[in-house]
Amino acid sequence: MPELPEVEVVRAGIERWVSGRTVAAVEVLHPRAVRRHLAGPDDFAARLAGQRLGVARRRGKYLWLPVEPAAGGVPERAVLAHLGMSGQLLVQPQGSPDEKHLRVRVRFADAAATELRFVDQRTFGGLSLHETVADDPDGLPDVIAHIARDPVDPAFDDDAFHAALRRRRTTIKRALLDQSLISGVGNIYADEALWRTRLHYDRPTATLTGPRTAELLTHIREVLNEALAAGGTSFDSLYVNVNGESGYFDRSLDAYGREDEPCRRCGTPIRRRPWMNRSSYFCPRCQRPPRATA
DNA sequence: AAAATCTCCTGTCAGC
DNA sequence: TGCTGACAGGAGATTT
């Protein structure tokens, strides 16, 4: 459920409360939470101890903390975090009761009486330590080099995105969820952006014109920025910022989760369709299905 | 080789 | 009351 706006809210909280601090000790309470760290939980904890963490960065739904190099220069390692479906990064007072699904605890070597906690009910998310892409000033972890830039990144290439859509033999919502084409968009904001653009989720990407792709990108950016301003979207208490608070963008959703409720443009009841082991919400009048799909 | 499908995981809720 | 199954769904792994 955390998509770009939710992860960005968390990133900002981590930057404020964690960046610049030095790790004292790491406690892994569930090995699955560090499974992407192939050398194992003990190695993860040992390599992190004593390291000073730099400014928190984000690409799409991934966020990371560069490990500050001892001798200056660009970072060579970074702590990568992905929230998966239900992951939370919380900054909590030391000694406050452990959360039920606490997976990793990071203590710091300073006087601030807070610690970083990774809490994850479904353990789809996790933490890991990686080498960075050579000479990357932000310390991009090598394992996410294949993740495309996200649409709020100034370096996102709109024309290249359109060319990629034309080249692909797939449908638009699949493409929006493909993080190697555009990152940060998940099921909720894909449905919202498609509704705003009046595009059906099964529209073949090869049929999109330049102006139509441009419109879609505009709406994607708008919905992401509006959600960010609202502190993110939350349907339950699973998505929270580092202080445990939920955003309120769910009140502003036009399509997602609104089955049988009237379309805010035309009044037609919003429909839900099973789609790729999840759901697609759309207005059957504003978002007409493509003519020639099988 | 690109595209589609499978799979991991735990909790909630509807229905009986 | 308690069981069952559907659903939530990101993204790497596997299959087509």
Side-chain angles (χ1 to χ4, degrees), chain A residues 1-8 10-11 28-38 58-64 80-89 99-104 118-128 130 141-151 163-194 201-207 224 227 232-240 246 249-250 253 255-260 271-281 293-294:
Chain A
M1 198 166 301
E3 302 179 28
L4 189 152
E6 292 77 35
V7 178
E8 175 57 24
V10 172
R11 189 209 61 78
V28 177
L29 293 97
H30 194 311
R32 202 182 143 70
V34 296
R35 67 193 178 285
R36 286 195 82 179
H37 189 86
L38 302 179
R58 183 189 54 72
R59 175 178 288 198
K61 303 167 198 168
Y62 282 96
L63 71 89
W64 69 90
L80 180 64
H82 197 290
L83 302 178
M85 276 294 298
S86 54
Q88 305 173 345
L89 282 168
E99 291 74 11
K100 182 177 180 186
H101 300 292
L102 176 64
R103 310 304 191 192
V104 181
F118 180 68
V119 176
D120 193 357
Q121 174 194 103
R122 283 168 246 187
T123 60
F124 277 27
L127 305 180
S128 47
H130 301 279
D142 56 6
V143 294
I144 60 164
H146 67 289
I147 299 291
R149 290 185 184 275
D150 58 59
L165 290 183
R166 297 290 306 211
R167 211 180 304 125
R168 287 288 184 116
R169 290 297 174 267
T170 188
T171 48
I172 187 58
K173 189 170 169 184
R174 285 177 183 276
L176 291 181
L177 298 187
D178 183 341
Q179 306 295 299
S180 69
L181 285 177
I182 182 171
S183 69
V185 180
N187 201 42
I188 296 173
Y189 298 116
D191 279 1
E192 292 301 304
L194 290 170
Y201 58 90
D202 263 343
R203 175 74 173 267
T205 56
T207 68
L224 293 177
T233 298
S234 182
F235 297 96
D236 49 36
S237 57
L238 278 184
Y239 160 68
V240 292
S246 290
F249 189 71
D250 53 308
L253 295 175
Y256 187 88
R258 297 195 65 240
E259 184 178 20
D260 295 335
R271 288 202 185 137
R272 180 176 73 90
R273 286 279 177 278
W275 184 86
M276 278 180 73
N277 278 333
R278 58 200 72 183
S279 296
S280 275
Y281 296 87
T293 38

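Predicted model only: the values in this text are computed from it and were never measured. Chain identifiers are assigned alphabetically (A, B, ...) following the order of the sequence lines, protein sequences preceding nucleic acid strands; residue numbering begins at 1 within each chain.
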Got a list of protein N/O to nucleotides 14-16 of chain C N/O distances below 3.5 Å?
none

Can you give me the N/O atom pairs linking the protein to nucleotides 1-5 of chain B at distances under 3.5 Å, or say none if there are none?
unit_1: B:dA3; atom_1: OP1; unit_2: A:Arg169; atom_2: N; d: 2.8
unit_1: B:dA3; atom_1: OP2; unit_2: A:Arg168; atom_2: NE; d: 3.0
unit_1: B:dA3; atom_1: OP2; unit_2: A:Arg168; atom_2: NH1; d: 3.0
unit_1: B:dA4; atom_1: OP2; unit_2: A:Thr170; atom_2: OG1; d: 2.9
unit_1: B:dT5; atom_1: OP2; unit_2: A:Arg174; atom_2: NH2; d: 3.0

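OP1 or OP2 of C:dG12 has at least one side-chain nitrogen or oxygen of A:Tyr62 nearer than 4.0 Å. Note on A:Arg122: every side-chain N or O is 4.0 Å or more away from OP1 and OP2 of C:dG10. OP1 or OP2 of B:dG11 sits under 4.0 Å from a side-chain N or O of A:His101. Distances shown here put every side-chain N or O of A:Thr123 at or beyond 4.0 Å from the OP1 or OP2 atom of B:dT10. Contact between the side-chain N/O atoms of A:Lys100 and the OP1/OP2 oxygens of B:dT10 is not found at any separation under 4.0 Å.
Axis angle across the helix from B:dA2-C:dT16 to B:dC16-C:dG2, with five pairs used at each end and values rounded to 10°: 50°.
The pair A:Arg272-A:Asp260 fails the salt-bridge criterion, with no side-chain N (NZ, NE, NH1 or NH2) lying under 4.0 Å from an Asp/Glu carboxylate O. Ionic pairing of A:Asp150 and A:Arg58 is present here: one or more N-O contacts between side-chain nitrogen and carboxylate oxygen are shorter than 4.0 angstrom.
The CZ atom of A:Arg35 sits 9 Å away from the C1' atom of B:dC9 (whole-angstrom rounding). For the pair A:Met85 CE and B:dT12 P, the computed distance is 14 Å after rounding to whole Å. A:Glu6 has its CD atom 14 Å from the C1' atom of C:dA8, to the nearest Å. Here C:dA11 presents its P atom at 12 Å from CG of A:Asp150, a figure rounded to the nearest Å. Atom CG of A:Leu83 is separated from atom P of C:dG10 by 12 Å (rounded to the nearest Å). Between the CZ atom of A:Arg273 and the P atom of C:dA6 there is a distance of 18 Å, given to the nearest Å. The separation between A:Gln121 atom CD and B:dT10 atom C1' is 5 Å, rounded to whole Å. One interatomic measurement links the two molecules: CG of A:Leu63 to C1' of C:dG10, which rounds to 14 Å at whole-angstrom precision.
Within the 4.5 Å cutoff, the side chain of A:Glu192 has heavy atoms near those of the A:Leu253 side chain.
The side chain of A:Asn187 lies closest to C:dG10 when the candidates are C:dG10, B:dC8, C:dC7. Listed nucleotides: C:dA8, C:dG12, C:dA11. Nearest to the side chain of A:Arg36: C:dG12.
Here the CG-NE2 distance, from A:Leu127 to A:His37, works out to 11.0 Å after rounding to the nearest 0.5 Å. Distance check: A:Arg32 CZ to A:Arg122 CZ gives 13.0 Å after rounding to the nearest 0.5 Å. The CD atom of A:Glu8 lies 14.5 Å from the CD atom of A:Glu3; values are rounded to the nearest 0.5 Å.
Scanning for ring-ring contact (aromatic ring centres under 6.0 Å, His included) contacts around A:His82 gives A:Tyr62, with sequence neighbours left out. Contacts of A:Thr170 classified as side-chain contact (heavy atoms from CB on, under 4.5 Å), with partners at least two apart in sequence or in another chain: A:Arg168, A:Arg174, A:Ala175, A:Thr205. Residues satisfying the ring-ring contact (aromatic ring centres under 6.0 Å, His included) test with A:Phe118, not counting sequence neighbours, are none.
Using bins of under 30°, 30° to 60° and over 60° for the plane-to-plane angle, the ring pair A:Tyr201/A:Trp275 lands in the perpendicular bin.
Contacts of A:His146 with the nucleic acid, taken as non-hydrogen atoms under 4.0 Å apart, involve only primed sugar atoms and P, OP1 or OP2.
Nearest approach of A:Ser183 to A:Leu4, heavy atoms of both residues: O-CD1, 4.4 Å.
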Start with the C-alpha distance between A:Val119 and A:His101, add both sets of side-chain angles, then the distance that settles side-chain contact (heavy atoms from CB on, under 4.5 Å), and finish with yes or no.
CA-CA 5 Å; A:Val119 176; A:His101 300 292; 4.1 Å; yes
